[in-house]
Amino acid sequence: MSVAGLKKQFYKASQLVSEKVGGAEGTKLDDDFKEMEKKVDVTSKAVAEVLTRTIEYLQPNPASRAKLTMLNTVSKIRGQVKNPGYPQSEGLLGECMIRYGKELGDESNFGDALLDAGESMKRLAEVKDSLDIEVKQNFVDPLQNLCDKDLKEIQHHLKKLEGRRLDFDYKKKRQGKIPDEELRQAMEKFEESKEVAETSMHNLLETDIEQVSQLSALVDAQLDYHRQAVQILDELADKLKRRMREASSRPKREYKPKPRDSYDFGEPDQSNGGFPCAPAPKITASSSFRSSDKPIRTPIRSMPPLDQPSCKALYDFEPENDGELGFREGDIITLTNQIDENWYEGMINGQSGFFPLNYVEVLVPLPQ
């Protein structure tokens with residue numbers, strides 16, 4: 001940094017200290033500017049939180065949520081991405097139904113109904129894939145771009161404006177001790193930065209129709225998803241009702257027991273009805289129970305020391321998705337991270353993964 005640059009940094013730091021500590025009053029910005037700055041700040045917070053909540057809405061599971069966030073928009077536009085790369089819960093349910101429907105076979109009404117329901121669930125999963133990709137492309141990505149470019153650029157202009165204001169106020173206080181030309185240049189730079197910041201904020205607030213169109217795209221994608229889902233479920237409901245009618249109209253098959261095999265009961269003097277008795281085994285000292293023998297103990301899971309963040313399982317948790325951590329009631333789990341208000345990340349017996357907060361009781365909380 002040059003000598004002039006060092007001096008400018010010193011001027012700004014001195015002015016800031018005099019305002020914060022000494023109560024000196026700096027140049028005031030007009031009310032219109034402050035109002036725009038306030039609206040931009042609220043817009044920035046709204047976009048950031050809506051983005052987070054939208055991703056959570058699409059995928060409550062944190063492992064799938066991470067994969068959704070990493071989807072590449074350019075690949076989607078080129079048609080290279082046909083699914084988001086993680087299983088939908090509807091698809092997992094459909095695969096389960098189809099597997100057991102096939103095992104039950106064609107002669108089972110329940111098996112055929114499971115096959116119908118399973119195929120419908122898999123179709124719902126495909127529709128859900130389309131919803132996730134559409135919302136990511138037409139709503140999440142544009143808002144993320146707004147955060148990364150426009151809002152970040154406005155924050156840069158406001159920070160630069162504040163620095164030039166401090167420099168101008170420092171030199172204004174020393175008018176007469178510094179050259180007038182230097183004071184004039186400081187004032188011009190301050191006015192220039194104010195105009196640039198004001199223009200960028202005005203452009204953002206006046207073009208918010210773009211954000212409205214993105215929100216409309218989110219609603220359109222949801223409507224399309226629900227329309228297709230209703231159609232798929234209506235078709236499934238009709239199939240199941242038809243199967244119920246067909247099953248009710250069929251004559252019931254009566255159960256006819258098979259004829260029993262006849263047995264030769266042998267001579268009447270055999271006390272057990274003709275079946276030979278096997279001699280009772282002799283009980284030896286080696287095979288009998290000895291009071292000195294100790295019972296076998298079931299190994300107990302190792303428990304982490306409670307001086308580190310940990311929690312106790314209140315219920316059994318069976319993982320259903322990749323990245324989830326399974327455990328049993330009473331297990332002690334080491335906490336490593338909190339994903340959000342509903343999910344923790346932890347470790348037990350050398351395995352790590354995600355699990356829901358409402359399945360555990362926190363013993364030692366994570367440091368804030």
Side-chain angles (χ1 to χ4, degrees), residues 1-56 69 73 138-175 177-218 340 368:
M1 186 180 288
S2 64
V3 176
L6 286 171
K7 286 173 67 177
K8 186 175 290 186
Q9 292 297 324
F10 174 75
Y11 294 161
K12 289 190 285 188
S14 299
Q15 179 64 23
L16 183 61
V17 169
S18 66
E19 290 179 8
K20 297 291 184 183
V21 180
E25 194 169 315
T27 300
K28 298 289 184 182
L29 297 167
D30 57 82
D31 292 340
D32 290 343
F33 186 93
K34 289 181 179 179
E35 184 64 23
M36 273 199 295
E37 191 176 6
K38 182 180 177 181
K39 287 181 179 179
V40 167
D41 183 57
V42 174
T43 301
S44 179
K45 291 176 181 177
V47 169
E49 187 158 357
V50 166
L51 274 173
T52 302
R53 299 299 179 189
T54 302
I55 295 292
E56 289 176 2
T69 308
T73 306
N138 297 325
F139 182 70
V140 172
D141 286 347
L143 285 187
Q144 189 64 57
N145 186 61
L146 181 69
C147 278
D148 295 341
K149 292 186 178 179
D150 296 354
L151 290 171
K152 189 175 285 187
E153 183 179 333
I154 289 173
Q155 291 304 316
H156 169 73
H157 291 320
L158 290 173
K159 185 177 180 181
K160 191 172 184 179
L161 170 65
E162 178 63 8
R164 288 186 170 180
R165 182 196 66 78
L166 290 170
D167 181 59
F168 170 60
D169 285 344
Y170 178 85
K171 291 174 179 176
K172 188 168 61 172
K173 282 196 309 183
R174 284 152 185 78
Q175 191 172 4
K177 298 179 181 179
I178 60 173
D180 291 343
E181 179 62 22
E182 192 172 337
L183 178 61
R184 186 185 62 78
Q185 288 180 357
M187 183 181 67
E188 287 178 355
K189 286 183 178 180
F190 167 67
E191 292 292 343
E192 177 190 348
S193 285
K194 179 176 178 294
E195 186 177 344
V196 171
E198 207 165 22
T199 302
S200 62
M201 290 191 296
H202 174 80
N203 291 339
L204 174 72
L205 297 174
E206 286 298 312
T207 57
D208 61 356
I209 184 64
E210 294 181 12
Q211 285 77 63
V212 177
S213 67
Q214 290 150 12
L215 192 59
S216 177
L218 168 65
D340 53 30
Q368 298 295 325

(request) Given side-chain contact (heavy atoms from CB on, under 4.5 Å), test H157 with E153 step by step and report yes or no. (result) CA-CA 6 Å; H157 291 320; E153 183 179 333; 3.5 Å; yes
(message) What's the separation between atom CD in E191 and atom CG in L161, rounded to the nearest 0.5 Å?
(response) 9.5 Å
(message) Tell me the closest heavy-atom pair linking T207 and N203, and the distance in Å.
(response) OG1-O, 2.6 Å
(request) Can you see which heavy atom on L51 is nearest to which on V140, and at what distance? (result) CD2-O, 3.4 Å
(message) Taking the basic N atoms (NZ, or NE/NH1/NH2) and the acidic carboxylate oxygens, is any pair closer than 4.0 Å for D180 and R184?
(response) no
(request) Work out which heavy atom in S44 is nearest to a heavy atom in L151; give both atom names and the distance. (result) CA-CD1, 3.7 Å
(message) Quick one, T27 and K172 - any side-chain contact, counting heavy atoms below 4.5 Å?
(response) yes
(message) Let me confirm one number: the OG1-CD distance from T54 to E49, rounded to the nearest 0.5 Å.
(response) 10.5 Å
(message) Would you say CD of E195 has more than 12 non-hydrogen atoms from neighbouring residues, nucleotides or ligands within 6.0 angstrom?
(response) no
(request) Kindly check if the number of other-residue, nucleotide or ligand heavy atoms within 6.0 Å of NZ (K173) is above 12? (result) yes
(request) Could you go through the side-chain contact (heavy atoms from CB on, under 4.5 Å) check for L218 and N138 one step at a time? (result) CA-CA 7 Å; L218 168 65; N138 297 325; over 6 Å; no
(request) Working to the nearest 0.5 Å, report the span between CG of L158 and CD of E198. (result) 10.5 Å
(message) So which atom in Q214 and which in F139 form the shortest heavy-atom distance, rounded to 0.1 Å?
(response) O-CD1, 3.1 Å
(message) Quick check for you: to the nearest 0.5 Å, what is the distance between D340 atom CG and T52 atom OG1?
(response) 10.0 Å
(message) Restricting to salt bridge (Lys or Arg N to Asp or Glu O under 4.0 Å), what partner residues turn up for D30, sequence neighbours left out?
(response) K194
(message) Strictly distance-based, threshold 3.5 Å: is any side-chain N or O of S193 a donor or acceptor partner for the main-chain N or O of F190?
(response) no
(request) Heavy atoms only: give me the nearest K171-L183 pair and the separation to one decimal. (result) C-CD1, 3.8 Å
(request) Please report the C-alpha distance between K45 and D41 in whole Å, then the side-chain angles of each, then the deciding distance to 0.1 Å, and finally whether the side-chain contact (heavy atoms from CB on, under 4.5 Å) criterion is met. (result) CA-CA 6 Å; K45 291 176 181 177; D41 183 57; 3.4 Å; yes
(request) First locate atom NZ of K28, then atom CZ of R165, and finally report the distance between them rounded to the nearest 0.5 Å. (result) 8.5 Å
(request) Rounded to the nearest 0.5 Å, what's the gap from NZ on K34 to NZ on K39? Could you check? (result) 16.0 Å
(message) Here's one to test your reading of the geometry: is the NZ or CZ of R164 within 45 degrees of the ring axis of F168 and under 6.0 Å from its centre?
(response) no
(message) Looking at E181, I'd like to know if its CD atom is crowded, meaning that more than 12 non-hydrogen atoms belonging to other residues, nucleotides or ligands lie closer than 6.0 Å.
(response) yes
(request) Could you pull out the closest heavy-atom pair between C147 and A48, with the gap in Å? (result) SG-N, 4.4 Å
